[in-house]
Amino acid sequence: MFKELEIFKISHAMSSHAAHRQSVIARNMANADTPGYAAQDVAPFSEVIGTSTPAFGMRATRSQHLQNTATATAPASFSTSSPSAPNGNNVSLEEEMLKAVDVKRQHDKALAIYKSGLSVLRATLGRN
């Protein structure tokens with residue numbers, strides 16, 4: 001009955017996106033002194049959910065329906081276009097720390113959505 005609730009799918013997708021972005025940010029910070037390293041980032045969750053995760057959009061109701069639907073994949077990383085240092089590295093630790101705070105907020109929001117969904121389920125079952 002409650003095998004595939006959309007609120008839990010979205011919460012999981014948001015949490016997974018935050019985890020992937022955090023790993024990209026950590027890689028950027030680890031390579032802050034590597035000559036020629038180009039900082040990377042991940043597209044915002046709002047863009048990723050709208051394009052690469054068909055589970056949250058249209059659903060196929062039979063085998064011939066929506067045959068050309070894209071498969072769900074991890075968000076793609078892309079290089080940022082920040083000004084680079086003399087050694088060719090463009091990692092800014094300050095920017096990466098701000099991105100890390102943003103990721104923490106996104107993960108906290110995903111957890112809040114999940115907890116809210118559980119609260120609604122408990123209320124409908126008569127359990128507080």
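Just so you know, residue 1 is the first one in the sequence shown, and it goes up from there. Keep in mind that the numbers below use all heavy atoms, side chains included, and drop hydrogens, waters and symmetry copies.
- Using modelled atom types, no side-chain atom of S116 and backbone atom of A112 make a donor-acceptor pair closer than 3.5 Å.
- The closest side-chain heavy-atom distance from L98 to E95 is not below 4.5 Å.
- Taking each heavy atom of A18 and V103 in turn, the nearest pair found is O-CG1, 3.2 Å.
- By the criterion of side-chain heavy atoms lying less than 4.5 angstrom apart, applied directly or through intervening Ile, Leu, Val, Met, Phe, Trp or Tyr residues, Y114 is grouped together with L121 in one hydrophobic cluster.
- Taking every heavy atom of both residues into account, N89 and N31 meet most closely at ND2-O, 2.9 Å.
- Residues S15 and A110 approach most closely at N-CB, 3.8 Å, considering heavy atoms.
- Separating the NZ atom in K115 from the OG atom in S119 is a distance of 9.0 Å, to the nearest 0.5 Å.
- In this structure, N28 contributes its side chain and A39 its backbone to no donor-acceptor pair below 3.5 Å.
- I7 and L118 fall within the same hydrophobic cluster, defined by Ile, Leu, Val, Met, Phe, Trp and Tyr side-chain heavy atoms under 4.5 Å apart, directly or through other members.
- Remark: Q40 CD to N90 CG distance equals 10.0 Å, nearest 0.5 Å.
- You'll find the side chain of D102 reaches within 4.5 Å of the side chain of R21, heavy atoms only.
- The distance from the OG atom of S46 to the CE atom of M14 is 9.0 Å, given to the nearest 0.5 Å.
- The stretch residues 22-41 participates, sequence neighbours left out, in no ring-ring contact (aromatic ring centres under 6.0 Å, His included) pair at all.
- Between S23 and H20, some side-chain heavy-atom pair lies under the 4.5 Å cut-off.
- Under the 4.5 Å side-chain contact rule for hydrophobic residues, V120 and F8 do not share a cluster.
- Applying the side-chain hydrogen bond (donor to acceptor under 3.5 Å, both in side chains) criterion to Q106, with sequence neighbours excluded, gives H17.
- By the side-chain contact (heavy atoms from CB on, under 4.5 Å) test, M29 is found to be paired with I25, L93, E96, M97, residues two or more places apart in sequence or in another chain being considered.
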